[in-house]
S.K.: 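This is the structure, below, for whatever I ask next.
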Amino acid sequence: MVGHQLKENSVTDSPHISVRNLSVHFVLGRQLFGKPPVVRAVDEVSLEIPKGSFFGLVGESGSGKTTLGRAILKAAPITSGQIVYRDNEVEYDLGSIGKEQLKDYRLRAQLIFQDPYAALSPRMTVRDIIAEPLEVMGITHTRAETDDRVREMASKCRLNLEHLRRFPHAFSGGQRQRISIARALVCNPRFVVADESVAALDVSIQADILNLLESLRGELMNTFLFISHDLSVVAHICDTVAVMYLGALVESAPTRSLFSNPRHPYTKALLSAIPSLDPDVRGKAQKLEGEIPSPITPPSGCKFHTRCPIAEERCSSEIPLWRELSDGHSVACHFAE
Ligand code: SF4
């Protein structure tokens, strides 16, 4: 087995993924004078994703959640900080992971794509699409072995065996997403990143896919990082939710605690924007003024101060401390108490 042995007392208690002060910055081109502009996509983020959890990561578009997910998959460069993956018998520091370990990590960590229309090759049958990772990774060695694995995963994802002979254009959005999920899970990964995996689907189909992911998590015992801009979707499925704004975490808590007692003004605004059928609640959404600022020139102090309805003078100069207020509920706001 690739990877080094963990200390005995850390085997069961360790989180699956541990992110420490992670920054992912992208330098934009060159400049004749001065330094080139830098996009601070992820800035000093720390979080723990426990083994077997369904961990939600939410925020507006441009908040850095997809870049964070990609960095955890070792698909975006780490500028500084640390990402450690731990499972029973292995521990990988993704910043210094070797070639053989990376190959093993690619088997353990997979991505479910956002767009089920763009993610599937129109020239391949469903059987070949699901089989491809098994063959590329060298997990199966004969066609019969591959077919067995493909059929097993297709049936877990509620696809009929006759579907395997067809091409993607013959399927609806929900069926295509089930094919994408079967492909992502066919190698039995331990950790799965689902990036806006239901965003392109109708609401009724979203529920079907969320229920499927939940039942697969129970059956396959994987850990999920579920990235979404939609808090109502995250509430349906996640155990813990972290909220990102402009590359930084602003709040993180067990789902029930975050929804019943949000502490950060940004989380409150996102929650109040969830559509409600209750006529007393409808139309009372707390609107966020303006656009999310540029990650090239983020505001000083609290990055949210340019849009925060309760900002005070110190907010523009003093970065709020990230601190735990109650069991597992952490926040970065001067006035969270
Ligand atoms: Fe608003 Fe200030 Fe809290 Fe930032 S620190 S969220 S600006 S009140």
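Remember, predicted model here, so these are calculated numbers, not experimental data.
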S.K.: May I ask you to check whether over 12 heavy atoms, not counting those of R256, lie within 6.0 Å of atom CZ?
M.R.: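 Atom CZ in R256 is not packed in, count stays at 12 or less.
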
S.K.: Nearest 0.5 Å please: distance from the OG atom of S23 over to the CG atom of L68.
M.R.: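 Between atom OG of S23 and atom CG of L68 there are 11.0 Å.
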
S.K.: State whether D208 and R178 are salt-bridged, where the test is any N-O pair (Lys NZ or Arg NE/NH1/NH2 against Asp/Glu carboxylate O) under 4.0 Å.
M.R.: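 Salt bridge between D208 and R178, a charged N being under 4.0 Å from a carboxylate O: yes.
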
S.K.: Between H305 and E312, does any side-chain donor sit less than 3.5 Å from a side-chain acceptor?
M.R.: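 Their side chains do not contain a donor-acceptor pair, so the 3.5 Å distance test is not met.
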
S.K.: Using modelled atom types only, decide if a donor and an acceptor are shared between the side chain of R20 and the backbone of V45 within a distance under 3.5 Å.
M.R.: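 No, R20 side chain to V45 backbone: no donor-acceptor pair under 3.5 Å.
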
S.K.: For the residue pair I112 and L213, establish whether any side-chain heavy-atom pair is separated by less than 4.5 Å.
M.R.: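 I112 reaches L213 side chain to side chain.
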
S.K.: Before accepting this row, confirm whether a basic side-chain N of the pair K156/E152 lies closer than 4.0 Å to the acidic partner's carboxylate O.
M.R.: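 Counted as a salt bridge, because a side-chain N and a carboxylate O are separated by less than 4.0 Å.
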
S.K.: Locate the shortest heavy-atom distance separating F54 from R217; write the atom from each residue and the value.
M.R.: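 Nearest pair, atom of F54 first, then R217: N-NH1, 3.4 Å.
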
S.K.: Please assess E48 against R86 for the test salt bridge (Lys or Arg N to Asp or Glu O under 4.0 Å), listing each intermediate value before the final yes or no.
M.R.: CA-CA 11 Å; E48 309 277 351; R86 296 189 185 91; 5.3 Å; no

S.K.: Determine the minimum heavy-atom distance between D128 and M124, stating which atoms define it.
M.R.: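 Closest approach of D128 to M124, heavy atoms only: O-CE, 3.6 Å.
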
S.K.: Ring centroid separation for Y85 and Y105, is it under 6.0 angstrom?
M.R.: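 Under 6.0 Å, so yes.
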
S.K.: Looking only at heavy atoms, what is the nearest atom pair of G64 and V42, with distance?
M.R.: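 Minimum heavy-atom separation between G64 and V42: O-CG2, 3.7 Å.
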
S.K.: Would you check if there is a donor-acceptor pair between the side chains of T66 and D195 at a distance under 3.5 Å?
M.R.: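 Side-chain D/A pair, D195 to T66: present.
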
S.K.: Do V84 and I97 sit in the same hydrophobic cluster, where Ile, Leu, Val, Met, Phe, Trp and Tyr count as joined when their side-chain heavy atoms come under 4.5 Å apart?
M.R.: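 Result: no, two separate clusters.
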
S.K.: Go through it in stages, so that I can follow the logic: the residues are D87 and F191, the test is side chain to side chain contact (heavy atoms under 4.5 Å, CB included), and I'd like the CA-CA distance, side-chain angles, deciding distance and then a yes or no.
M.R.: CA-CA 10 Å; D87 205 348; F191 174 62; over 6 Å; no

S.K.: Which distance, rounded to the nearest 0.5 Å, do you find between the CG of L134 and the OG1 of T146?
M.R.: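 It is 6.0 Å, given to the nearest 0.5 Å.
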
S.K.: Please tell me whether V150 and I139 are part of a single hydrophobic cluster in this structure, the criterion being side-chain heavy atoms less than 4.5 Å apart.
M.R.: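 They do share one cluster, since a chain of ILVMFWY contacts under 4.5 Å joins V150 to I139.
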
S.K.: Checking E145 side chain against T140 main chain: does a donor-acceptor pair fall under 3.5 Å?
M.R.: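 A pair under 3.5 Å: no.
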
S.K.: Is the shortest distance from a Lys or Arg side-chain nitrogen in R263 or E251 to a carboxylate oxygen in the other one below 4.0 Å?
M.R.: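 E251 and R263: not salt-bridged.
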
S.K.: Counting only heavy atoms not in N160 (residues, nucleotides, ligands), do more than 12 fall under 6.0 Å from its CG?
M.R.: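 Yes, the 6.0 Å shell around CG holds more than 12 heavy atoms from other groups.
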
S.K.: Do L249 and S330 touch side chain to side chain, with heavy atoms closer than 4.5 Å?
M.R.: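 No - every pair of side-chain heavy atoms lies 4.5 Å or more apart.
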
S.K.: Same cluster or not: are I83 and F26 linked, directly or through other Ile, Leu, Val, Met, Phe, Trp or Tyr residues, by side-chain heavy atoms under 4.5 angstrom apart?
M.R.: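 Both belong to a single hydrophobic cluster.
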
S.K.: So if you build clusters from Ile, Leu, Val, Met, Phe, Trp, Tyr with side-chain heavy-atom gaps below 4.5 Å, do V250 and L325 land together?
M.R.: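 Cluster IDs for V250 and L325 differ.
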
S.K.: Mark yes or no for whether N211, through its side chain, and A207, through its backbone, hold a donor-acceptor pair below 3.5 Å.
M.R.: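 Side chain of N211 to backbone of A207: a pair is present.
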
S.K.: Output yes when E89 and R190 qualify as a salt bridge under the 4.0 Å nitrogen-oxygen rule, no when they do not.
M.R.: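 Looking at E89 and R190, the cut-off is not met.
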
S.K.: What's the separation between atom CD1 in I227 and atom CG in L111, rounded to the nearest 0.5 Å?
M.R.: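 CG of L111 is found 8.0 Å from CD1 of I227.
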
S.K.: Are any side-chain N or O atoms of T67 and backbone N or O atoms of A41, one a donor and one an acceptor, separated by less than 3.5 Å?
M.R.: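 Such a contact is absent between T67 side chain and A41 backbone.
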
S.K.: With a 3.5 Å distance limit and no angle check, can you tell me whether S228 reaches the backbone of V58 through a side-chain donor-acceptor pair?
M.R.: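 No, because the side chain of S228 does not come within donor-acceptor range (under 3.5 Å) of the backbone of V58.
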
S.K.: Does the side chain of L28 reach to within under 4.5 Å of the side chain of P36, using non-hydrogen atoms?
M.R.: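 A side-chain contact under 4.5 Å is absent here.
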
S.K.: What distance separates L159 CG from M153 CE, expressed to the nearest 0.5 Å?
M.R.: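 Those atoms lie 10.5 Å apart.
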
S.K.: When rounded to the nearest 0.5 angstrom, what is the spacing between CD in Q177 and OG in S172?
M.R.: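 So the CD of Q177 and the OG of S172 are separated by 10.5 Å.
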
S.K.: Could you tell me whether the side chain of R176 and the main chain of P168 form a donor-acceptor pair under 3.5 Å?
M.R.: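 Confirmed, R176 side chain pairs with P168 backbone.
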
S.K.: Stepwise, does the side chain to side chain contact (heavy atoms under 4.5 Å, CB included) test hold for Y266 with C333?
M.R.: CA-CA 10 Å; Y266 180 58; C333 169; over 6 Å; no

S.K.: Is any side-chain N of the basic residue among R143 and E135 closer than 4.0 Å to the acidic one's carboxylate O?
M.R.: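 A salt bridge is absent here (no side-chain N lies under 4.0 Å from a carboxylate O).
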
S.K.: What about F304 and H264, are their ring centers closer than 6.0 Å?
M.R.: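 Yes, the ring of F304 comes within the 6.0 Å limit of the ring of H264, centre to centre.
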
S.K.: Using a 6.0 Å cut-off, check whether atom CD of E337 has over 12 heavy atoms from anything other than its own residue.
M.R.: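 Atom CD in E337 is packed in, count exceeds 12.
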
S.K.: So, taking the atom named SG in C308 and the one named NZ in K303, what distance separates them when rounded to the nearest 0.5 Å?
M.R.: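 Answer for the SG-NZ pair, C308 versus K303, is 15.5 Å.
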
S.K.: Please walk me through it: do V126 and F171 pass side chain to side chain contact (heavy atoms under 4.5 Å, CB included)?
M.R.: CA-CA 10 Å; V126 172; F171 295 93; 3.5 Å; yes

S.K.: H229 pairs by side chain to side chain donor-acceptor pair (under 3.5 Å) with which of K65, E196, E60?
M.R.: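 Of all the options given, the one that passes is E196.
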
S.K.: Give a yes or no answer on whether the side chain of H334 reaches the backbone of E318 with a donor-acceptor pair at less than 3.5 Å.
M.R.: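 Side chain of H334 to backbone of E318: a pair is present.
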
S.K.: Output yes when a side-chain donor or acceptor of S63 lies under 3.5 Å from a complementary backbone atom of Y245, and no otherwise.
M.R.: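 Side chain of S63 to backbone of Y245, a donor-acceptor pair under 3.5 Å: no, none is there.
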
S.K.: Is a side-chain donor or acceptor of S326 paired with a backbone partner of H329 at a separation under 3.5 angstrom?
M.R.: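 Checked: no pair found.
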
S.K.: Measure from NZ or CZ of R183 to the centre of the six-membered ring of F113 and say whether it is under 6.0 Å with the direction within 45° of the ring axis.
M.R.: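 Judged by the rule (NZ or CZ under 6.0 Å from the ring centre, within 45° of its axis), R183 is not positioned above F113.
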
S.K.: Could you tell me which non-hydrogen atom of V24 sits nearest to which non-hydrogen atom of P77, and how far apart they are?
M.R.: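 Where V24 meets P77 most closely, the heavy atoms are CG1-O, 3.2 Å.
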
S.K.: Hydrophobic cluster membership, with links at side-chain heavy-atom distances under 4.5 Å among I/L/V/M/F/W/Y: are V38 and I78 in one?
M.R.: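 In one cluster with V38: I78, no.
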
S.K.: Less than 4.5 Å apart, any side-chain heavy atom of R40 and any of T79?
M.R.: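 In short, these two side chains do not touch, never coming nearer than 4.5 Å.
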
S.K.: Tell me if the CD1 atom of I310 is crowded by more than 12 foreign heavy atoms within 6.0 Å.
M.R.: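 Enclosed: over 12 neighbouring heavy atoms sit under 6.0 Å from CD1 of I310.
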
S.K.: State, to 0.1 Å, how close N222 and P189 come at their nearest heavy-atom pair, and which atoms those are.
M.R.: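 Reported closest heavy-atom pair: ND2-O, 2.9 Å.
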
S.K.: To check you understand the geometry: which heavy-atom pair defines the closest contact between I72 and L94, and what is its length?
M.R.: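 Looking at all heavy atoms of both residues, the shortest contact is O-CD1, 3.2 Å.
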
S.K.: Quick one: do V234 and T255 satisfy side chain to side chain contact (heavy atoms under 4.5 Å, CB included)? Show the steps, please.
M.R.: CA-CA 8 Å; V234 165; T255 307; 5.5 Å; no

S.K.: Could you tell me if the side chain of I179 sits less than 4.5 Å from the side chain of C157, heavy atoms only?
M.R.: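 No, their side chains stay 4.5 Å or more apart.
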
S.K.: Does any part of the side chain of E44, heavy atoms only, come nearer than 4.5 Å to the side chain of W322, both counted from C-beta?
M.R.: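 The answer is no; the side chains never approach within 4.5 Å.
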
S.K.: Do R108 and V90 touch side chain to side chain, with heavy atoms closer than 4.5 Å?
M.R.: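 With C-beta onward as the side chain, the pair touches.
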
S.K.: Is the shortest heavy-atom distance from the side chain of L225 to the side chain of I17 under 4.5 Å?
M.R.: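 They are not in contact (no side-chain heavy atoms under 4.5 Å apart), so the answer is no.
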
